[in-house]
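Contents: one structure, followed by commentary.
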Amino acid sequence: MEAIILAAGYSSRANAFKLTLPLGQMTVLEQTISKFEGICSRVIIVAGFQAEIIQEEIEKISSKNAYSFQVKFVNNENFTQGMFRSIQTGCNEVQSTTFLLTPGDCPLVKKETIQLIAKSKGDVVIPSFHYKGGHPIKLSSEVKKKILETHPDHNLREVLNHYEKNYLNVEDPGVLMDVDTQEDYQKALSYFKA
C-alpha cells in the first residue's frame with residue numbers, strides 16, 4: 001500500500017509555513033509522514049507552493065529517520081489550479097492497488113486508526129469520529145483511474161459520489177484535526193501534549 005500526502009497549499013490562514021511548525025520532537029509534516037511506518041511501502045508527498053521548503057524538509061526528515069518505506073517527493077507545478085490537481089499529481093505516481101490520501105496538515109491521527117483504515121474493504125474508506133468524516137481516506141485503483149480521467153476543474157467529492165462509501169467509526173478525534181490556522185495549531189499542541 002502507498003500513501004499520498006498533499007503539501008502543495010499556500011498555508012495562507014496559518015500565518016506561517018504550517019507543515020514545518022514544530023509538534024513535539026517533530027514538525028507537522030514529519031508527524032504526518034511517520035504515521036505510515038509499517039503500513040505503507042511508499043509515501044508520495046505532493047508539493048507546490050514553495051516546493052523547495054517541502055523538499056528541504058523531506059531531506060531533513062529522511063536523513064534522521066530510517067523509515068521502512070520510500071519517501072517520494074513530487075512537485076505539482078499546476079498547484080494554483082487547486083487541491084484536485086495535486087491529488088491527480090499524486091495518483092499519477094501510485095503503483096499499488098489501494099492507497100491512502102491525506103492532507104499534510106493532519107498530524108494527529110493515531111497510527112492504530114490508519115492500520116484499521118488500511119485493513120478495511122471498499123473502494124472508498126473514510127474514518128469517522130462522532131459521525132463526521134475525516135482523514136486519511138483509503139481509495140482503490142478503480143477510484144484512482146476515475147480521478148485521473150476527471151477534468152482538473154472538478155473535485156474529489158464529485159468523483160467519490162460515484163462510489164459507495166464505507167465509513168469506519170473510530171475513537172480518534174485526530175481524524176478531524178487539521179492545522180489550518182494559528183488557533184488550530186495551538187489546539188494541536190495542547191492535544192499532542194495531553
*Might you work through the side-chain contact (heavy atoms from CB on, under 4.5 Å) test for Met1 and Leu100, ending with a clear yes or no?*
CA-CA 8 Å; Met1 184 176 282; Leu100 295 156; 3.7 Å; yes

_Working note: Leu160 + Ile137, criterion side-chain contact (heavy atoms from CB on, under 4.5 Å); need CA distance, chi angles, decisive distance, verdict._
CA-CA 11 Å; Leu160 299 186; Ile137 62 173; 4.1 Å; yes

*Qualifying residues under ring pair (Phe, Tyr, Trp, His ring centres under 6.0 Å), relative to Phe73, sequence neighbours excluded*: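 Here no residue qualifies.
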
*May I ask whether Ile114 and Val179 are part of the same hydrophobic cluster, defined by side-chain heavy atoms of I, L, V, M, F, W, Y residues being less than 4.5 angstrom apart, directly or through others?*
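Per the 4.5 Å side-chain linkage, Ile114 and Val179 are co-clustered.
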
*Can you tell if the side chain of Lys138 reaches within under 4.5 Å of the side chain of Phe99, non-hydrogen atoms only?*
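Counting from C-beta outward, Lys138 and Phe99 never come under 4.5 Å.
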
_When you compare the side chain of Phe79 with that of Arg85, does any pair of heavy atoms fall below 4.5 Å?_
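SC-SC contact between Arg85 and Phe79 ruled out.
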
_Glu149 with Lys145: basic N within carboxylate O range, under 4.0 Å_ =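 Judged by the 4.0 Å cut-off on N to carboxylate O distance, Glu149 and Lys145 do form a salt bridge.
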
_Charged N-O contact under 4.0 Å between Lys64 and Glu30_ =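 So Lys64 pairs with Glu30 through a salt bridge.
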
*Hey, mind stepping through Leu168 and Ile117 against side-chain contact (heavy atoms from CB on, under 4.5 Å) and telling me if it holds?*
CA-CA 7 Å; Leu168 185 68; Ile117 298 164; 3.9 Å; yes

*Between Asp184 and Thr181, is a side-chain hydrogen bond (donor to acceptor under 3.5 Å, both in side chains) present by the stated rule, with each step listed?*
CA-CA 5 Å; Asp184 292 340; Thr181 61; 3.3 Å; yes

*Does any donor atom in the side chain of Asn155 or Glu158 lie under 3.5 Å from an acceptor atom in the other side chain?*
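Note: Asn155 and Glu158 side chains meet the donor-acceptor criterion.
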
*Between Glu37 and Ser68, is any side-chain donor less than 3.5 angstrom from a side-chain acceptor?*
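Judged by distance alone, the side chains do pair up.
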
*Any residue meeting side chain to side chain donor-acceptor pair (under 3.5 Å) with Asn75, in chain and number order, not counting sequence neighbours*: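 Listed in chain order: nothing, the list is empty.
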
